[in-house]
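Beneath this line is the structure, given in structure tokens, with notes to follow.
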Amino acid sequence: VTEAEWLTCDAVPPLLEYLIGRASDRKFRLFACAFCRRTWDALADERCRGAVCLAERYADGEASEAEMEDARQAMAVACQDLALRPGSSASQSWAWGAARAALFDTAFWKPNAASQGAVGVARLADEAAWRARGEPGPGVETTAQLALLRDVFENPYRPGWVDPAWLAWREGTIPCLAEAIYAERAFDRLPILGDVLEEAGCRDADLLTHCHQPGEHFRGCWAVDLLLGKE
Ligand SMILES: [Zn+2]
């Protein structure tokens with residue numbers, strides 16, 4: 001994948017394949033969780049939503065392997081329940097499968113598990129999303145998914161750079177704001193972060209544009225991660 005292809009590619013799988021070995025397990029897992037959050041309505045079961053929230057915490061080192069194993073077992077039962085439940089939709093079963101897959105084993109157990117798992121979740125969530133909208137097939141959904149992918153994974157040809165002066169500016173206003181956005185999923189505050197960065201002397205067009213860009217951002221957003229030093 002060249003930089004031009006990264007910017008213009010209109011399919012998710014080749015970009016994900018390219019990122020394997022280049023991006024962290026954390027990014028892949030958060031990417032998978034963001035996909036699940038796109039079908040949140042279909043995951044209206046505490047076990048499913050809980051599984052996605054747990055996988056996000058696990059990605060940030062805030063949940064144990066034992067908690068993950070418990071959630072995996074709960075999701076296996078949940079998926080069986082759903083299959084037996086009258087009136088459950090195909091969209092739901094794909095979405096639940098995606099939530100289950102977001103708990104995939106750690107890289108410790110299986111090399112490349114996180115990246116391969118993310119590829120699997122992307123496929124399952126994709127099916128869930130277009131079926132939920134009653135569309136005849138994938139396609140419309142792809143644009144939104146590409147935006148999500150480019151939110152979590154920064155352009156590998158333009159790795160971001162942070163000037164320590166931005167972080168120190170006004171007693172750490174910028175890292176504080178970024179931390180609050182991350183913790184509270186308050187991505188609607190990104191334009192404020194962009195304004196403050198500019199005030200602090202940032203002239204990085206990619207970073208400023210990303211902060212001011214309308215549209216969805218997810219936990220793992222590369223701009224927020226960059227300022228928090230997360231990979
Ligand atoms: Zn973002």
Side-chain angles (χ1 to χ4, degrees), residues 1 3 5-12 15-16 18-19 22-40 52-53 55-62 98 102 114-115 118-119 121-122 125-126 129 141-163 166-167 169 172-231:
V1 174
E3 182 174 13
E5 285 165 344
W6 171 267
L7 295 170
T8 59
C9 180
D10 59 2
V12 170
L15 295 181
L16 270 186
Y18 174 72
L19 289 163
R22 290 181 165 85
S24 67
D25 283 356
R26 171 180 170 276
K27 282 284 192 183
F28 277 109
R29 199 178 292 271
L30 288 178
F31 170 77
C33 291
F35 255 76
C36 291
R37 284 184 177 275
R38 284 188 45 74
T39 54
W40 208 233
V52 177
C53 295
E56 286 172 333
R57 288 200 293 115
Y58 182 83
D60 277 325
E62 293 166 3
S115 50
V119 174
V121 173
D126 179 40
E141 177 61 16
T142 305
T143 310
Q145 293 179 351
L146 284 162
L148 193 165
L149 184 140
R150 292 189 178 105
D151 184 50
V152 172
F153 300 102
E154 70 177 332
N155 179 345
Y157 291 91
R158 289 172 189 260
W161 171 82
V162 174
D163 185 336
W166 308 340
L167 302 182
W169 186 78
T173 297
I174 288 169
C176 272
L177 183 54
E179 187 62 55
I181 290 172
Y182 190 83
E184 296 164 31
R185 299 176 193 283
F187 293 100
D188 57 326
R189 283 185 230 151
L190 269 184
I192 300 172
L193 185 64
D195 291 345
V196 178
L197 274 166
E198 250 182 308
E199 261 193 77
C202 170
R203 296 291 174 269
D204 181 330
D206 286 341
L207 182 55
L208 295 176
T209 306
H210 191 85
C211 289
H212 286 118
Q213 151 182 304
E216 277 190 294
H217 299 265
F218 293 85
R219 187 165 282 192
C221 164
W222 69 262
V224 175
D225 273 5
L226 180 69
L227 294 167
L228 294 177
K230 292 179 186 284
E231 287 187 347

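In each ligand, atom 1 is the first atom listed, and ligand 1 is the first ligand listed.
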Problem set entry | Protein N, O or S atoms lying under 2.8 Å from the Zn ion (ligand 1), listed by chain and number | Asp151 OD1, His210 NE2, His217 ND1, Cys221 SG
Please tabulate, for side-chain N and O atoms in residues 223-231, each donor-acceptor pair with protein atoms closer than 3.5 Å (sequence neighbours left out).
residue: Asp225; atom: OD1; partner: Arg26; partner atom: NH2; Å: 3.0
residue: Asp225; atom: OD2; partner: Arg26; partner atom: NH1; Å: 2.8
residue: Asp225; atom: OD2; partner: Arg26; partner atom: NH2; Å: 3.3
residue: Asp225; atom: OD2; partner: Lys27; partner atom: NZ; Å: 2.8

For this session: Answer yes when Arg37 and Glu56 have at least one side-chain N-carboxylate O distance shorter than 4.0 Å, and no when they do not.
Result: yes
Exercise. Just by distance, do the side chain of Arg219 and the backbone of Tyr182 share a donor-acceptor pair under 3.5 Å?
Worked result: yes
Exercise. What residues form a salt bridge (Lys or Arg N to Asp or Glu O under 4.0 Å) with Glu3, not counting sequence neighbours?
Worked result: Arg158
Exercise. How would you list, by chain and number, every residue that makes a salt bridge (Lys or Arg N to Asp or Glu O under 4.0 Å) with Glu62, sequence neighbours excluded?
Worked result: none
For this session: Quickly, which of Asp151, Leu30, Leu148 forms a side chain to side chain contact (heavy atoms under 4.5 Å, CB included) with Cys221? Name it, please.
Result: Asp151
